[in-house]
Amino acid sequence: MEPQADIAVIGLAVMGQNLILNMNDHGFTVVAFNRTVSKVDAFLANEAKGTRIIGAHSLPEMVALLKRPRRVMLMVKAGSAVDEFIEHLLPLLEPGDIIIDGGNSLFEDTIRRVKYVESKGLLYIGTGVSGGEEGARHGPSIMPGGSPAAWEHLKPIFQAIAAKVADGSPCCDWVGEGGAGHYVKMTHNGIEYGDMQLICEAYQLLKGGLGLTPDEMHPVFAEWNQGELNSYLIEITRDILAKKDDDDGAPLVDKILDTAGQKGTGKWTVMSSQELGIPITLIAEAVYSRCVSAMKDQRVAAAKVFPPSNPRFAGDRQAWVNDIRRALYASKIISYTQGYLLMRAAAQHYGWNLNYGGIALMWRGGCIIRSAFLGDIKRAFDKHPGLTNLLLDPFFKKAIKGCARSWRKVVGTAVRKGIPVPAFSTALAFFDGLRSARLPANLLQAQRDYFGAHTYERVDQPRGQFFHTNWTGTGGRVASSTYTV
Ligand code: 2AM
């Protein structure tokens, strides 16, 4: 058969199928393949019926249908399935052909695969695809990285199928070399963990502190969605709060067990932040909060031993609602500040040239963290591409200042009343740490020098000179850098 297909997609699970249908809608001819070949026929007979989509029953048949350079996109389970398909594909493809991994791969695997596939003369792309089933079908956020030479061959397809913002710009652009695409997607997921935790803490405050019912909270979130918090996650929270149980018409949210799971990308973000030494405190708290939630039996037991006192906040309800909104907004600014610090450190460490405003634009639509807020971040980087810390941008500086009083009031009252607000409070602690020109690390350095002769720098001497003190009179004069016991 004549090569006629623009791209092949392997993997007919939900994301793969929807991406194929989306590509078809935009005029591309797609050839579909799946390990379990019967799913190809089922897809053609059902979802893909009446479209231009072609099915292949073997990899050689699939490859023979592709125009050059061949574009083969994997939408399979992250991990060994990707490596296996790369091995199967390499003998069938030619130099210049492109293998794309659109799954949720760990960026370090992508770094390795880019090098490996390039060593065989082919090109490799690891791309984040966000937006779930709906996004994949009608416009996801797409974050591609890997072999730069592949981008011109993928750009027309990816930008056509991606979500668009109001001015028509696609939520897809080149992210960077190696594992940059998957790194940015991982960070996106970490930020998603943070955003969700912040909303959950606001919900807990409205519920425990103000005694609002889901029906009473629904209009609160509807109103918040009209302002600076306008976002997909606030919008779905609004709708969740209004949803009733089919059985008795009571709010469904109250019937859902309060233990959360995690799939790993939040954890990976925190692990990477530990490697790079960047304080992603809010995302870390979001991950750990899920872990605390999973300790249901222990929580139930501890609640009997340490029963909570009356958590109700005194004072004007509407004023509190506004305070909680401002505390959420300020904490969210901190979370994105931390996320951008992480990406900046990763770019430096792995040698990527990341476009930070471009990343905000990619996240502006299509993905789970899409929000008006990301438009503000994009504007901040447009004005000042070298911005090292989001808090130093005039817009965010003003926003944080405007929220500070409410933020402290909410965190302080929650602490006094025993309502857990780990993300709100870690955000505030980070903010206060950041604006402390002097921290107690002088004492820490003294302790380290005392027990381990780790040396310290002095405020009255130039940086880079290290001193050691014989603190007890019995220790040696030798510092640990020159003498290790
Ligand atoms: P399957 O339909 O044959 O199970 C999501 O699980 C997608 O990844 C599916 O298309 C699935 O194929 C594919 N997949 C999962 N593990 C795989 C493996 N080890 N090898 C190939 N494909 C795999």
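Just so it is clear, the values below take in all heavy atoms, side chains as well, and ignore hydrogens, waters and symmetry mates. In listed order, ligands and their atoms are each counted from 1. All residue numbers refer to positions in the sequence shown, counting from 1. Note that the coordinates shown come from a computational prediction; the quantities given were computed from them, not determined experimentally.
Counting only heavy atoms of the protein, atom 5 (C) of ligand 1 lies nearest to A13 CB, 3.6 Å. Scanning the protein heavy atoms around atom 15 (C) of ligand 1, the nearest turns out to be K77 CB, 3.6 Å.
With respect to R52 and D25, no salt bridge is recorded, no charged nitrogen being found less than 4.0 Å from a carboxylate O.
I283 has its side chain out of reach of L342: every pair of non-hydrogen atoms, C-beta onward, lies at least 4.5 Å apart.
Taking every heavy atom of N34 and a limit of under 4.0 angstrom, the matching atoms of ligand 1 come to 1 (P), 2 (O), 3 (O), 9 (C), 10 (O), 12 (O). Under a 4.0 Å criterion applied to the non-hydrogen atoms of G11, ligand 1 contributes the atoms 10 (O). Of all the atoms in ligand 1, the ones that sit under 4.0 Å from a non-hydrogen atom of E84 are 19 (N), 20 (N). Applying the 4.0 Å criterion to heavy atoms of F85 picks out, from ligand 1, the atoms 21 (C), 22 (N). Counting atoms of ligand 1 from 1 in the listed order, those under 4.0 Å from a heavy atom of L12 are 10 (O).
When all heavy atoms of S331 and L198 are compared, the closest pair comes out as CB-CD2, 3.5 Å.
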**Request:** Mind running ring pair (Phe, Tyr, Trp, His ring centres under 6.0 Å) on F373 and F396 for me, showing each step along the way?
**Result:** CA-CA 10 Å; F373 182 76; F396 289 108; 5.6 Å; yes

**Item:** Full working for ring pair (Phe, Tyr, Trp, His ring centres under 6.0 Å) between Y350 and F107
**Value:** CA-CA 11 Å; Y350 296 105; F107 74 96; 5.3 Å; yes

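Counting heavy atoms under 4.0 Å from ligand 1, residue I10 does not touch it at all.
Taking the six-membered ring for Trp, W407 and Y329 have ring centres at least 6.0 Å apart. When ring centroids are compared, Y203 and F221 stay outside the 6.0 Å threshold.
Of the listed residues (R35, K39, M75), the one carrying the non-hydrogen atom nearest atom 19 (N) of ligand 1 is R35.
Looking at T36 next to ligand 1, an N or O pair under 3.5 Å apart turns up.
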